[in-house]
Chemist: 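The structure follows.
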Amino acid sequence: MLEITREHVVCSLSAAHTPAARCRSGETVLFHTRDCYNDEIQKETDSPAGEFANPATGPLFVEGADPGDVLKVEILKIEVGETGVMRTSPSHGAYQHAVKERAARIFPIENGVILFDDCLHIPVNAMIGVIGTAPANGEEISTETPREHGGNMDCRLITQGTTLYLPVNTPGALLAIGDLHAAMGDGETMICGMECRGRVTVRVTVLKGVRMPTPCLDAGPCLCTIQSAATLDEASVLASRAMHGFLTEHGLDAQKAAMLLSLQGNLVVCQIVDPLLTVRMELPKTILDAYGVKLP
Ligand code: CA
Ligand code: CA
């Protein structure tokens with residue numbers, strides 16, 4: 001299997017980056033990822049230099065991917081390391097009123113559980129924080145920021161067994177992956193998840209001539225449109241409209257699709273701590289089945 005090692009990291013997504021590896025459409029690739037602190041917090045007194053903030057491994061050039069295509073990324077396996085780390089921030093997140101200092105804690109991860117403290121063990125629910133392709137129009141976007149290209153979406157449902165659809169804006173798509181969390185709550189309200197280094201195995205397939213509301217996740221029981229904006233209000237409207245557009249493109253009239261989403265579409269906050277905020281709309285796939293809509 002093709003592997004991309006931890007030496008190959010980027011801190012932005014851009015069409016200008018030199019690919020770390022090349023693969024064919026349909027190939028399986030293993031990404032070795034650093035944690036969001038660049039693996040620099042090995043003990044609780046360590047402080048990362050910040051030179052490689054939120055690094056993502058890659059980028060991967062997928063042969064045959066052309067602008068206008070969709071990159072289908074099947075997340076076959078996520079493995080996290082034997083420890084996780086969290087770091088407080090006095091300047092970000094919901095608890096700045098109470099958490100005034102930078103402090104790091106390292107947590108053991110054993111047999112699928114995080115040893116949070118003597119009272120509590122939390123089951124691992126590994127997810128990918130950063131996953132995206134190169135943005136359009138030659139733009140360079142930091143791996144701290146989520147946008148139309150994916151990036152730092154911090155969506156709790158991007159887990160093993162799900163399939164993410166991303167836009168192809170540049171030849172080869174230039175996929176990068178990083179910022180694994182062994183667990184995270186919706187909202188990521190303090191500033192981080194259980195930050196881990198690890199390994200992600202994906203199958204990447206180029207889809208031609210399909211229209212998907214990227215970024216979009218087949219999360220198993222539900223389909224999610226994922227959108228990011230300066231406010232949760234804006235992101236909520238964008239995620240809702242993306243799902244509405246998907247339904248109308250598949251034959252539902254605009255009025256019926258709007259009624260249906262008001263009944264069965266669920267807006268969920270992904271994260272409130274990145275430079276843009278992220279919201280997803282979840283729609284049960286039983287509804288797609290009812291209208292004969294198949295995902296590519
Ligand atoms: Ca993140
Ligand atoms: Ca993170």
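Order of listing sets the numbers, starting from 1, for every ligand and every atom in it.
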Chemist: Taking Thr278 as the fixed residue, which of Arg147, Gln271, Glu188 is the one that meets the side-chain hydrogen bond (donor to acceptor under 3.5 Å, both in side chains) rule?
Modeler: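 Single side-chain hydrogen bond (donor to acceptor under 3.5 Å, both in side chains) partner of Thr278 among Arg147, Gln271, Glu188: Gln271.
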
Chemist: Between His244 and Thr225, do the side chains contain an N or O donor and an N or O acceptor separated by less than 3.5 Å?
Modeler: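 Not at all, the side chains of His244 and Thr225 share no donor-acceptor pair under 3.5 Å.
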
Chemist: Side-chain atoms of residues 56-69: list all donor-acceptor pairs with protein atoms under 3.5 Å, sequence neighbours left out, distances to 0.1 Å.
Modeler:
residue	atom	partner	partner atom	Å
Thr57	OG1	His32	O	2.7
Asp66	OD2	Lys208	NZ	3.0
Asp69	OD2	Asp66	N	2.8
Asp69	OD2	Lys208	NZ	2.6

Chemist: Please check if any side-chain donor atom of Ser91 sits under 3.5 Å from a side-chain acceptor atom of Ser89, or the reverse.
Modeler: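 Checked: Ser91/Ser89 side chains pair up, N/O donor to acceptor below 3.5 Å.
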
Chemist: Does Asp35 bring an N, O or S atom to within less than 3.0 Å of the Ca ion (ligand 2)?
Modeler: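 Coordinating: no.
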
Chemist: Less than 3.5 Å apart, which donor and acceptor atoms pair up between the side chains of residues 72-79 and the rest of the protein, not counting sequence neighbours?
Modeler:
residue	atom	partner	partner atom	Å
Lys72	NZ	Pro296	O	3.4
Glu74	OE1	Arg203	NH1	3.1
Glu74	OE2	Arg203	NH1	3.3
Glu79	OE1	Arg199	NE	3.2
Glu79	OE1	Arg199	NH2	3.4
Glu79	OE2	Arg199	NH2	3.4

Chemist: Please enumerate all residues that pass side-chain hydrogen bond (donor to acceptor under 3.5 Å, both in side chains) together with Asn38, with sequence neighbours excluded.
Modeler: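 Listed in chain order: Arg34, Glu40.
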
Chemist: At distances under 3.0 Å, what protein N, O or S atoms surround the Ca ion (ligand 1)?
Modeler: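 Listed by chain and number, the nearby protein N, O or S atoms are Asn152 OD1, Asp154 OD1, Asp154 OD2, Asp179 OD2.
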
